Each structure stands twice: as C-alpha cells, then as structure tokens.
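Only one structure is covered here, and it is reproduced in the block below.
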Amino acid sequence: QVQLLESGGGSVQAGGSLRLSCVASGNLSSRKCMAWFRQAPGAEREGVARVNVDGSSTYYAYYVEGRFTISRDSAKKVVYLQMNGLKPEDTAMYYCAASILWCGSWAESAYDYWGQGTQVTVSS
C-alpha cells in the first residue's frame with residue numbers, strides 16, 4: 001500500500017504561483033510513476049503532469065506545458081508541482097497519484113493510489 005498526502009493549495013490571483021507537494025508513505029518500492037491530476041467542478045478528472053520515479057522523464061498536458069513543472073525529491077519521498085502563470089481555468093481540486101506499472105498513460109485506471117486532493121482557486 002502507498003499513502004499520498006497533498007498540500008500547498010490555496011487561492012491566488014491570475015498570474016500568480018503555487019507549489020503543491022505530495023508526500024508518499026508506505027510500500028514505496030512498488031512505484032513506477034507519480035502524477036498530478038485535477039478536477040474542476042462539473043468536469044472530468046484530467047492529467048496535468050507525471051514523472052518517472054527515477055526522475056528520467058517528465059510529461060505534461062498541453063494546457064500546462066511551459067507553466068507547470070513536476071519534480072521529485074526521492075530522499076524526502078515528495079513530488080512537487082510548481083505552478084506559475086496561473087489562470088482562472090486552472091481552478092480545480094488537484095490530486096496526486098501513483099502507478100506501480102508504468103509511466104506512459106494519462107488514464108486514471110493506470111494509477112493505483114490516489115491522495116485526497118488539495119484545492120487550487122485562481123481568481124481573475
């Protein structure tokens with residue numbers, strides 16, 4: 001089992017920045033991929049960014065490319081999402097997820113563990 005705990009959400013104005021953190025605990029050796037997803041009210045959950053646990057590759061959704069950066073601190077077992085240039089359309093609940101299989105998909109079904117989420121609100 002892997003437990004994930006997100007933090008760092010909040011309310012900012014458009015153009016501002018936030019850094020989300022996801023602390024992982026439990027049987028961490030099984031992880032292959034860590035990812036951030038988000039879900040806006042009335043919308044489906046969508047992928048934002050993902051990173052191989054060994055840090056060799058990162059992937060971004062086109063709507064955050066160039067503004068968001070995913071990184072990980074393997075020693076502290078933390079994955080970060082640095083969000084710059086925030087827009088009102090980035091408003092959503094942000095979730096951390098872990099996959100034990102691979103790091104090649106945005107499909108929710110590819111992820112085995114999920115955190116409870118942290119709210120990000122961007123005002124215009």
Side-chain angles (χ1 to χ4, degrees):
Q1 287 285 349
V2 174
Q3 293 79 42
L4 304 172
L5 181 63
E6 305 97 333
S7 63
S11 297
V12 297
Q13 291 191 324
S17 298
L18 284 173
R19 188 177 80 157
L20 306 183
S21 300
C22 172
V23 178
S25 60
N27 183 12
L28 303 181
S29 62
S30 62
R31 295 174 304 156
K32 294 294 188 292
C33 184
M34 297 294 296
W36 287 97
F37 285 75
R38 69 186 185 185
Q39 186 169 22
E44 294 187 354
R45 190 150 52 182
E46 60 184 11
V48 174
R50 62 185 194 261
V51 59
N52 291 70
V53 171
D54 62 9
S56 59
S57 299
T58 56
Y59 308 87
Y60 296 93
Y62 70 90
Y63 33 83
V64 304
E65 183 90 52
R67 299 187 297 124
F68 291 11
T69 302
I70 189 169
S71 62
R72 96 272 184 269
D73 183 330
S74 58
K76 296 181 179 179
K77 303 172 185 176
V78 182
V79 176
Y80 302 101
L81 185 68
Q82 178 67 43
M83 305 186 295
N84 299 327
L86 283 162
K87 305 175 181 180
E89 51 263 44
D90 294 318
T91 294
M93 184 72 79
Y94 282 72
Y95 297 91
C96 179
S99 173
I100 62 173
L101 290 178
W102 68 322
C103 210
S105 175
W106 289 121
E108 290 185 52
S109 59
Y111 294 84
D112 307 279
Y113 303 101
W114 294 84
Q116 294 298 307
T118 184
Q119 178 67 38
V120 172
T121 303
V122 185
S123 58
S124 58

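In this chain, numbering begins with 1 at the start of the sequence shown. Being a predicted model, the structure only gives us computed values, none of them experimental.
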Does Gln1, at its CD atom, have more than 12 non-hydrogen atoms belonging to other residues, nucleotides or ligands within less than 6.0 Å?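 No, CD of Gln1 has 12 or fewer neighbouring heavy atoms, counting only those of other groups under 6.0 Å.
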
Asp54 with Lys32: basic N within carboxylate O range, under 4.0 Å: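 So Asp54 does not pair with Lys32 through a salt bridge.
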
Asp112 bridged to Arg31 by N-O distance under 4.0 Å: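 Salt bridge: no.
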
Within this structure, what is the [atom1]-[atom2] distance for the pair [X] and [Y], rounded to the nearest 0.5 Å?
X: Cys22; Y: Leu81; atom1: SG; atom2: CG; value: 10.5 Å
X: Arg50; Y: Ser57; atom1: CZ; atom2: OG; value: 9.5 Å
X: Tyr59; Y: Cys103; atom1: OH; atom2: SG; value: 5.5 Å

Identify the heavy atoms of [X] and [Y] that sit nearest to each other, and give their distance.
X: Tyr60; Y: Thr69; result: OH-CA, 3.3 Å
X: Ala92; Y: Gln119; result: O-NE2, 3.4 Å
X: Tyr94; Y: Asp90; result: OH-O, 2.7 Å
X: Asn52; Y: Arg72; result: O-NE, 4.1 Å
X: Arg45; Y: Glu108; result: NH2-OE1, 3.0 Å
X: Leu4; Y: Ala24; result: CD2-CB, 3.8 Å

Does one hydrophobic cluster hold both [X] and [Y], with members joined at side-chain heavy-atom distances below 4.5 Å?
X: Ile70; Y: Tyr80; result: no
X: Trp102; Y: Trp106; result: no
X: Val51; Y: Leu5; result: no
X: Val48; Y: Leu86; result: yes

Within a strict 4.5 Å, meaning less than it, do heavy atoms of the Arg67 and Met83 side chains meet?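 A side-chain contact under 4.5 Å is absent here.
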
Do any N or O atoms from the side chain of Thr118 and from the backbone of Glu6 form a donor-acceptor pair under 3.5 angstrom?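 Such a contact is absent between Thr118 side chain and Glu6 backbone.
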
Output side-chain donor-acceptor pairs under 3.5 Å for residues 10-21, partner residues at least two apart or in another chain, one line each.
from: Ser17; atom 1: OG; to: Asn84; atom 2: OD1; distance (Å): 2.9

Side chain to side chain contact (heavy atoms under 4.5 Å, CB included) between Arg38 and Val64, intermediate numbers included: CA-CA 11 Å; Arg38 69 186 185 185; Val64 304; 4.0 Å; yes

Which Ile, Leu, Val, Met, Phe, Trp or Tyr residues join Met93 in one cluster when any pair of side-chain heavy atoms under 4.5 Å counts as a link?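 Other cluster members: Phe37, Tyr95, Tyr111, Trp114.
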
